[in-house]
Amino acid sequence: GHSIESNTKTMKRNVSFSSLEIRSYNVTLGDAPTSSGPPISLDWEYDPAATERHEVDEYEEIKPDRRRKDELLIPPSHRHYLLMRDAGFSRGQIKGAMEDARRVARQRDRTAKGV
């Protein structure tokens, strides 16, 4: 007979999904080290009313083209705008987060250079 180990090696594992949800999350001040503008992150909260539900096969037919890397970047000025307009942060809060992020980025640079 076959041992349990050899059966495990030959077993095919399949995972499939039938549906998906696309959620719109709020933005918040992030903590990623950056020297260009405020760090931004997704908040835990999302808008259930804006959630889209699709069957996987249907979505595969209608999904937009994959975005290029440069299309995924949010310019610093727009991050600043989103944090003030959508998340309600003050200029002072944003400035503080930018200073923290710059400090951490400098520390990482020094560490990477072995200083």
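For the numbers below, each heavy atom of this structure counts, side chains included, while hydrogens, waters and symmetry mates do not.
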- Least distance between heavy atoms, P39 atom then D31 atom: CB-N, 4.1 Å
- Query: Out of curiosity, does V27 fall in the hydrophobic cluster containing Y25 (side-chain heavy atoms, cut-off under 4.5 Å, transitive links)?
  - Reply: no
- Query: Nearest heavy-atom pair of P76 and G37: which atoms, and what distance?
  - Reply: CB-CA, 3.7 Å
- Apply side-chain contact (heavy atoms from CB on, under 4.5 Å) to R66 and list each qualifying residue two or more places apart in sequence or on a separate chain. none
- Note on the structure: Distance col, row M98:CE vs H80:NE2, nearest 0.5 angstrom, shows 6.5 Å
- With sequence neighbours left out, which residue pairs that include part of residues 82-93 fulfil the side-chain hydrogen bond (donor to acceptor under 3.5 Å, both in side chains) condition? Y81-R85, S90-Q93
- Should we count CG of D65 as having more than 12 external heavy atoms under 6.0 Å? no
- Message: Do the side chains of R68 and E71 get close enough for a salt bridge, i.e. N-O under 4.0 angstrom?
- Response: yes
- Query: Taking 4.0 angstrom as the limit, do D100 and R103 come out as a salt bridge?
  - Reply: yes
- Query: Does L72 belong to the same Ile/Leu/Val/Met/Phe/Trp/Tyr cluster as I74, with side-chain heavy atoms less than 4.5 Å apart forming each link?
  - Reply: no
- To the nearest 0.5 Å, what is the distance between OG1 (T28) and CH2 (W44)? 12.0 Å
- Chi angles and distances behind the side-chain contact (heavy atoms from CB on, under 4.5 Å) call for I40, L29: CA-CA 5 Å; I40 195 169; L29 270 172; over 6 Å; no
- Item | Any P38 side-chain heavy atom under 4.5 Å of I94 side chain | yes
- Task: Step by step, work out the side-chain contact (heavy atoms from CB on, under 4.5 Å) result for R79 and S36.
- Result: CA-CA 10 Å; R79 280 184 266 148; S36 64; 4.1 Å; yes
- Task: First locate atom CG of N26, then atom OH of Y46, and finally report the distance between them rounded to the nearest 0.5 Å.
- Result: 11.5 Å
- Task: Return each pair, listed once, that meets salt bridge (charged side-chain N to carboxylate O under 4.0 Å, His left out) where at least one residue sits in residues 37-57; pairs must be two or more places apart or across chains.
- Result: E21-R53
- Query: Stepwise, does the side-chain contact (heavy atoms from CB on, under 4.5 Å) test hold for T111 with R108?
  - Reply: CA-CA 5 Å; T111 301; R108 277 198 180 178; 5.6 Å; no
